[in-house]
Number of protein chains: 2
Amino acid sequence: MRSPDWITVRALPLFCDMEEEHFDQLIDGAFCHRFPKYANLVTEGDTADFLYVLVDGLVELYGTHDGQKTTLDVMQPVGSFTLAAVIRDDVYLKSARTLMPSQILMIPAQTVRQIYRCDHAFADAIVNELAERYRCTVRALKSVKLRNGLERLANWILCTDEQQGGQRSFELTFDKRTLASRLGMTPENLSRNLAVLTKHGVRSAGRGIVIENPSALMQLAKPNSLIDG
Amino acid sequence: MRSPDWITVRALPLFCDMEEEHFDQLIDGAFCHRFPKYANLVTEGDTADFLYVLVDGLVELYGTHDGQKTTLDVMQPVGSFTLAAVIRDDVYLKSARTLMPSQILMIPAQTVRQIYRCDHAFADAIVNELAERYRCTVRALKSVKLRNGLERLANWILCTDEQQGGQRSFELTFDKRTLASRLGMTPENLSRNLAVLTKHGVRSAGRGIVIENPSALMQLAKPNSLIDG
DNA sequence: AACGAGATTTGATCGATATCAAAAGGCAGG
DNA sequence: CCTGCCTTTTGATATCGATCAAATCTCGTT
């Protein structure tokens, strides 16, 4: 690849401890591409040919069934996806597409498995990555099964704010249709739920969200470290 | 431990390829206990002290929040649980209890991590186990978000039958309350949904379920290998 | 065999979420 | 700055699933 910033890739927990030589081998066989907004990257059911690294931009991971589609995750840079399918040499379970113009590193699955077998630090990082992803998915499942739509939205606002530095104010980086799907509700209900949150300390306009009364919001959200992370 | 059947434990994918010596070390520090029905094994939020292996019996993994409880998985022998929390040296995200009298092997987390570091085959098995568990959880999440209750029940019946040999007939091994929770519905709605399935080729009485018309059931269920596995 | 506790089913109703329809708002291209 | 398309919001309604209540069933115990 001829990207200027693979220092950031190298710095990923997944790669940061591995042998320089092995990292170079991974990179040698890899492609780095720019994709436009809404480009399809991965189709669920295909055999896992690549490990993906989102270097810059935004990627949606989603699942489809019987004409339906649901957003499972929205990935931010820098991070990898499709690791589990690659390691098990199996099909992808999630589809992926860009939500904005994005720079994507694609590492051939075979190369990943090969280096995994010979680089102990890389193998260890893979274990940690898989365990963490697993736990995130367990949290997501608990959230869907134990909370209603309004509560999921309230907690998403609290988490997103915290993740962005706790300024009590942030902007959506993707459209509300996708957020609704991520949260497991329709766009119509997301809109209505945002309106309801006005009574619980949240003011929103367009893509801006302001937490005016954190304690009121938390009282509704009932955040739980075993769900929200 | 002084159980007669740790040949079955040794045969688990997680342990079958590791060094004899290391397996012995794992076993040396472990406890093997019999627990009665409905014994609490694990409480979510506690730090992960043990890797659990269900040798015999039945175990429910569940999550709780705000006075609610939801079944996340029902484990059958022989299998392990709490691996991700143990490897990451973090808190449990799921609680666990027995659903029938069960024999449980408890391996101290520290020992697991220690052997993980020095036994390559064990580390490899852990990678595969974590990846597979991750994928199962992704499937569960897709199921909840992409199907309604009736469809989840229909597919659960198809999967359970297949897993038990495809006899088109099987018995529930745990109560309907737990099944309802596993499937993300109330016991009342499970009962009603079972009644609805009469019109789609399923006859049920008590704990017995018979698939009288597989194609009618499949037409309703729309099974999907990327959800049902 | 009768009893009683808990599980399951059934019926009635409530509430949450989805759907359908239409209006309003935002934004890019001309 | 207007136009037209797409997103979002709002309102009305329908559907699904939850809740409440009561009847029935199951099964272990006496």
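For dT17(C), its base never sits under 3.5 Å from the side chain of Arg147(A) at any donor and acceptor pair. With hydrogens and angles ignored, no donor-acceptor pair closer than 3.5 Å exists between the side chain of Arg207(A) and the base of dG26(C). The base of dT9(D) is not paired with the side chain of Arg177(A) by any donor and acceptor separated by under 3.5 Å.
Taking only side-chain nitrogens and oxygens, Asn189(A) comes nearer than 4.0 Å to OP1 or OP2 of dA18(C). Within the structure, every side-chain polar atom (N or O) of Ser191(B) is placed at least 4.0 Å from both OP1 and OP2 of dT8(C).
One distance of note links CG of Asn193(B) with CD of Glu151(B); it measures 10.5 Å at 0.5 Å rounding.
Comment: Glu188(B) does not engage Arg192(B) in a salt bridge, judged by the lack of any side-chain N to carboxylate O separation of less than 4.0 angstrom.
Gly149(A) comes within contact range of the sugar-phosphate backbone alone, with a heavy-atom separation under 4.0 Å but no base atom that close.
Between the CG atom of Leu153(B) and the P atom of dT9(C) there is a distance of 11 Å, rounded to whole Å. Taking atom CG of residue Asp175(A) and atom P of nucleotide dA28(C), one finds them 14 Å apart after rounding to whole Å.
Relative to the side chain of Glu188(B), the nucleotides dA18(D), dT10(C), dT10(D) differ in distance, and dT10(C) lies closest. Nearest to the side chain of Thr186(A), among dA18(D), dT17(C), dA18(C), sits dA18(C). Of the candidate nucleotides dT8(D), dA18(D), dA7(C), dT8(D) has the atom lying nearest to any side-chain atom of Lys176(A).
The aromatic rings of Phe35(A) and His33(A) stand perpendicular to each other, their planes meeting at an angle above 60°, with 30° marking the opposite boundary. Using cut-offs of 30° and 60° on the angle between ring planes, the pair Phe81(B) and Tyr52(B) is parallel.
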